[in-house]
Amino acid sequence: MDISNKVAIVTGSGKGIGKETALVLAKHGADVVVADMDLEAAQSVAHEIEALGRKAIACQVNVAKKEDVDKMVEEAINTFGDLDILVNNAGITRDAMMHKMTEEQFDQVVQVHMKGTFLCMQAASLHMRKQKKGKIVNISSISAKVGNMGQVNYSGAKAAIVAMTKVAARESARYQINVNAIQPGFIDSDMTRAMPEEARQAAINGIPMQRPGQPKDIANAVLFLCSDYADYITGTVTEVTGGRHM
Ligand SMILES: NC(=O)c1ccc[n+]([C@@H]2O[C@H](COP(=O)([O-])OP(=O)(O)OC[C@H]3O[C@@H](n4cnc5c(N)ncnc54)[C@H](O)[C@@H]3O)[C@@H](O)[C@H]2O)c1
C-alpha cells in the first residue's frame, strides 16, 4: 500500500498505537509530524522515522488546547508544504465507577478525546478543504459500543468521536476529504498494561482470536484508510478487535 510523499500528523505518537501508526505510515512513504505531550518520546520516534529514510518532526502538543493544535498544523504545512493525513489518536484514561468519579476525571478525558479530536479535525480540514483532498482517521474504542464499567467518561467521549466522525464526513465529502473512525478492542499498550492483571486476563479470555491486539493491528487499519484504496470510504467505523464484541 503506497502513501508516498504524503504528509501525516499522528497525535499521541510518542508511544503505543500512535507510535506504531507513525512508523507504519513512514514505512509506506509518508513524512510524519510526531505530535505528543511528551516531547522527548516524540523526538525519539522522529529519529526512528528518519532512520527509515523519511522526514519527520517532533511537535509538543496538548490536543485539548487550540493554540497548540493550530501551531501543530501550521508547523506541518511550513515544514512539509502540505497536509494529507490526520490521525487523531492521543488519549488518556481516568477510570472510576460513576458514583465515585470526580468532575476533574470526567472533564480531563472529555477534553483530550472529544475536544482534542474536534480541534485537530477543525484545524486540519481548514487546510484540506483548500487543497480538496485529505484523509482523517479518528481512534475511538470498542468501549463506545459496549460501555465499559468504570469508564463513563471514556466510553462517552469515544462514542462522541463516532458521532463527530460522521458529521465531519458529511461536511467534508464534497472536498474529497474522507473521515473514518476505528474502534480498537483490547490492545497491548501501556494503557492496558496499567489494568489489574485479573481484569487484563478476563479481557483477553473474551477475545475469539485468543490474543490481545498489537499496536500494528491498528496501524495497518489506519494505513488502509489513509491510502487511495479507501477513496470511496467515508463516515465508517471499523472494529479491530480480534472478533470481540461481534
Ligand atoms: N490500548 C487499547 O486497548 C485501546 C483500545 C481502544 C482505544 N484505544 C485508544 O487508542 C489511542 C492510543 O492508545 P494507547 O493504548 O496507544 O495509549 P498510550 O497511553 O500507550 O499512548 C497515548 C499517547 O498519547 C499521548 N497523549 C495523552 N494525552 C495527550 C494530549 N492531551 N495531547 C497530546 N498527546 C497526548 C501520551 O503522551 C502517549 O504518548 C487512545 O486514543 C486510546 O483511547 C486504545
- Drop me the distance from Glu171's CD to Ser125's OG, to the nearest 0.5 angstrom. 8.5 Å
- Tell me, yes or no, whether the heavy-atom count around Glu197 atom CD, taken from other residues, nucleotides or ligands under 6.0 Å, exceeds 12. yes
- Message: Surrounding CD of Glu40 (heavy atoms of other residues, nucleotides or ligands, distance under 6.0 Å), is the total greater than 12?
- Response: no
- Check whether more than 12 heavy atoms from other residues, nucleotides or ligands sit under 6.0 Å from atom CZ of Arg170, and answer yes or no. no
- Task: Mind jotting down which residue pairs meet the ring-ring contact (aromatic ring centres under 6.0 Å, His included) criterion with at least one end in residues 208-246? Sequence neighbours excluded, please.
- Result: none
- Check whether the side chains of Asn180 and Thr236 place a donor and an acceptor atom closer than 3.5 Å, and report yes or no. yes
- Would you say Val7 and Val137 are hydrophobically clustered, going by side-chain heavy atoms of ILVMFWY under 4.5 Å? no
Only distances under 3.5 Å count here; give the side-chain donor-acceptor pairs of residues 10-20 to other protein atoms, sequence neighbours excluded, each with its distance to 0.1 Å.
residue	atom	partner	partner atom	Å
Thr11	OG1	Val87	O	3.4
Thr11	OG1	Asn89	N	2.9
Thr11	OG1	Ala90	N	3.0
Ser13	OG	Val10	O	2.7
Ser13	OG	Ala35	N	3.2
Lys15	NZ	Asp190	OD2	3.1
Lys19	NZ	Glu48	OE2	3.1

- Write out all pairs satisfying ring-ring contact (aromatic ring centres under 6.0 Å, His included) with one or both partners inside residues 125-169, taking only residues at least two apart or from two chains. His113-Tyr154
- Item | 4.5 Å side-chain heavy-atom contact, Leu119 and Val63 | no
- Task: If a pair satisfies ring-ring contact (aromatic ring centres under 6.0 Å, His included) and one of its residues is in residues 18-62, list it, with sequence neighbours excluded.
- Result: none
- Might you confirm whether atom NZ of Lys27 has over 12 heavy atoms from other residues, nucleotides or ligands at distances under 6.0 Å? yes
- Mark yes when over 12 heavy atoms from residues, nucleotides or ligands other than Glu67 sit less than 6.0 Å from its CD; otherwise mark no. yes
- Query: Is there a path of hydrophobic side-chain contacts, each under 4.5 Å between heavy atoms of I, L, V, M, F, W or Y residues, that connects Phe118 with Val69?
  - Reply: yes
- For the residue pair Leu39 and Gln43, establish whether any side-chain heavy-atom pair is separated by less than 4.5 Å. yes
- Apart from Met37 itself, members of its ILVMFWY cluster (side-chain separation under 4.5 Å) are none
- Query: Ile136 and Val33: same hydrophobic cluster, using ILVMFWY side-chain contacts below 4.5 Å?
  - Reply: yes
- Members other than Met195 in its cluster, when Ile, Leu, Val, Met, Phe, Trp, Tyr link by side-chain heavy atoms under 4.5 Å? Phe186, Ile204, Ile207, Met209
- Task: Indicate the atoms forming the closest heavy-atom contact of Asn153 with Arg94, along with that distance.
- Result: ND2-O, 2.9 Å
- Query: Is Ile85 reachable from Met72 through a run of I, L, V, M, F, W or Y residues, each pair having side-chain heavy atoms under 4.5 Å apart?
  - Reply: no
- Taking atom CE of Met114 as the centre, report whether more than 12 heavy atoms of other residues, nucleotides or ligands fall under 6.0 Å from it. no
- Under 6.0 Å from the NZ atom of Lys216, do we count more than 12 heavy atoms belonging to anything else shown? no
- Do Leu23 and Ile49 come close enough that some side-chain heavy atom pair is under 4.5 Å? yes
- Item | Asp217 side-chain N/O to Gln214 backbone N/O, donor-acceptor pair under 3.5 Å | yes
- Message: Check this for me: does any side-chain nitrogen of one of Lys135 and Asp231 sit under 4.0 Å from a carboxylate oxygen of the other?
- Response: yes
- Message: Do Gln183 and Val146 have side chains that approach each other closer than 4.5 Å (heavy atoms only, starting at C-beta)?
- Response: no
- Would Thr165 and Asn138 count as having a side-chain donor-acceptor pair, cut-off 3.5 Å? yes
- Message: Using a strict threshold of under 4.0 Å (side-chain N to carboxylate O), is an ion pair present between Glu74 and Lys71?
- Response: no
- Joint cluster assignment, Leu25 & Ile182, ILVMFWY side-chain distance < 4.5 Å: yes
